[in-house]
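Remember, it's 1-based here, ligands and their atoms both numbered in the order they're listed.
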Amino acid sequence: MIQHFLTLLDLSEDQAQSLIQRAIELKAKQKAGEAHEYFKNKVMGMIFDKSSTRTRVSFETGMAHFGGHAIFLSPRDTQLGRGEPIEDSARVLSRMVDIVMLRTFDQEKLEQFAEYSNVPVINALTDMYHPCQLLADVQTYVEHRGDIKGKTMTWIGDGNNMCHSYINAARLFDFKLNIATPVGFEPDSKILQAAGERIMLTSDPKQACEDADMITTDVWASMGQEQEQAQREAAFANFQVDSKLMQLAKKDALFMHCLPAHREEEVTAVVIDGPQSVVWDQAENRLHAQKALIELLLNQK
Ligand code: CP
Ligand code: NVA
């Protein structure tokens, strides 16, 4: 059985812990200018059905650091975009490349691709999850504040793909998660229930922020929901992360955002550009955490 990374729960707790430590090590190696070309001539196929800046650049750069190569594939110029079945595309690509990352809409499409792939497949964001981002977020928290176990993370906003991955991360890394969403925008109930009592769900952002060690949010309209922007702006009006909300958290609480951000919508400029914000470290850590992930998946027996 090939180990894929379709959700965070594809990692064991031990693998997740080691991966974060390895990400920190790989970051130090890169900063020290130490070569780490462990995967010469290995090739990653990168399929993007949605836009990306961080994900594309971090995976492509990561493969270059490893001495390998990455191929950017978009539906505009591949046969995937002209209706070649996903099963056939998976079989063909995985006969040539060593690892694949896929950013798409349906989690089912990713699962189907993985089923027919002979090489590891990475979820680079679906409508349901964004597990790569959580590896970077946990790394960032650990670098700034140490162990994340038992700490309280707060999610403000949409019960979306990022929120679902935060719920899975709470299980995997054993932290508490307070979630505040407007009524009607709650996360998937099955994902929520599986995480048990470590999750607190409310429609009151203030309650969710009390005594938090970290507060995070995301855009109100995700990719594919652009036509709902106006309706969502109204629904989420009370869910902007501003200085008042930050003040309810612990004094040394961090602010995170997976980016791209909309200043003065889900977060004020004062917060995202302020002293508690670690969003640039978080963005950078996509590179290091995903290199640790690539290494784990390519080294599997
Ligand atoms: N956070 C994130 O995944 O960014 P991109 O959409 O730019 O890849
Ligand atoms: N929830 C956002 C995350 C972007 C990285 C989206 O899916 O568009």
Examine the side chains of Q21 and Q17 and answer whether a donor and an acceptor come within less than 3.5 Å of each other.
-> no

Distance-minimising heavy-atom pair for H130 and S165 = N-OG, 2.9 Å

Identify, by atom number and element, the atoms of ligand 1 in contact range of T53, meaning under 4.0 Å from any of its heavy atoms.
-> 5 (P), 7 (O), 8 (O)

Among all protein non-hydrogen atoms, which one is nearest to atom 7 (O) of ligand 2, and what is the separation to 0.1 Å?
-> N161 ND2, 2.8 Å

Backbone or side-chain N or O of K50 under 3.5 Å from ligand 2 N or O = no

Joint cluster assignment, L293 & V138, ILVMFWY side-chain distance < 4.5 Å | yes

Heteroatom distance test (S52, ligand 1): nitrogen or oxygen, under 3.5 angstrom | yes

Considering only protein heavy atoms, which is closest to atom 3 (C) of ligand 2, and at what distance to one decimal place?
-> D218 OD2, 3.6 Å

For ligand 2, which part of L259 has a heavy atom less than 4.0 Å away: the side chain, the backbone, both, or neither?
-> backbone

Atom 4 (O) of ligand 1 - nearest protein heavy atom and its distance = R54 NE, 2.8 Å

Taking distance alone, with no angle check, do C258 and ligand 1 share an N/O pair under 3.5 Å?
-> yes

Atom indices of ligand 2 within 4.0 angstrom of N160 heavy atoms, with elements = 1 (N)

Which residue and heavy atom of the protein sit nearest atom 4 (C) of ligand 2, plus the separation | L125 CD1, 3.9 Å

re atom 2 (C) of ligand 1, the protein heavy-atom contact at minimum distance is R286 NH1, 3.3 Å

Go through the steps for I179 and M200 under the test side chain to side chain contact (heavy atoms under 4.5 Å, CB included), then give the verdict.
-> CA-CA 6 Å; I179 301 173; M200 193 271 284; over 6 Å; no

Quick one: does H130 get an N or O within less than 3.5 Å of an N or O on ligand 2?
-> no

For residues S94 and R91, report the shortest heavy-atom separation together with the two atoms involved.
-> OG-O, 3.5 Å

Side chain or backbone of R103 under 4.0 Å from ligand 1, or both, or neither, by non-hydrogen atoms?
-> side chain

Would you call K29 and E295 a salt bridge, using N to O less than 4.0 angstrom?
-> no

Ligand 1 to L259 polar contact by distance, N or O atoms, under 3.5 Å = yes

Close-contact set for ligand 1 against Q133 heavy atoms, below 4.0 Å | 1 (N), 2 (C)

Can you find a non-hydrogen atom of R56 under 4.0 Å from ligand 1?
-> no

Which of parallel (below 30°), tilted (30 to 60°) and perpendicular (above 60°) describes Y38 and F66?
-> tilted

Go through L254 and D213 one step at a time and tell me if the side chain to side chain contact (heavy atoms under 4.5 Å, CB included) criterion holds.
-> CA-CA 7 Å; L254 300 174; D213 293 288; over 6 Å; no

Heavy-atom gap K50 to ligand 1 smaller than 4.0 Å = no

min-distance protein heavy atom vs atom 8 (O) of ligand 2 -> M223 N, 2.8 Å

Ring centers of F236, F185 separated by less than 6.0 Å = yes

Hey, are K27 and D281 close enough for a salt bridge, meaning a charged N less than 4.0 Å from a carboxylate O?
-> no

In T154, T217, I272, the residue satisfying side chain to side chain contact (heavy atoms under 4.5 Å, CB included) with V241 is T217

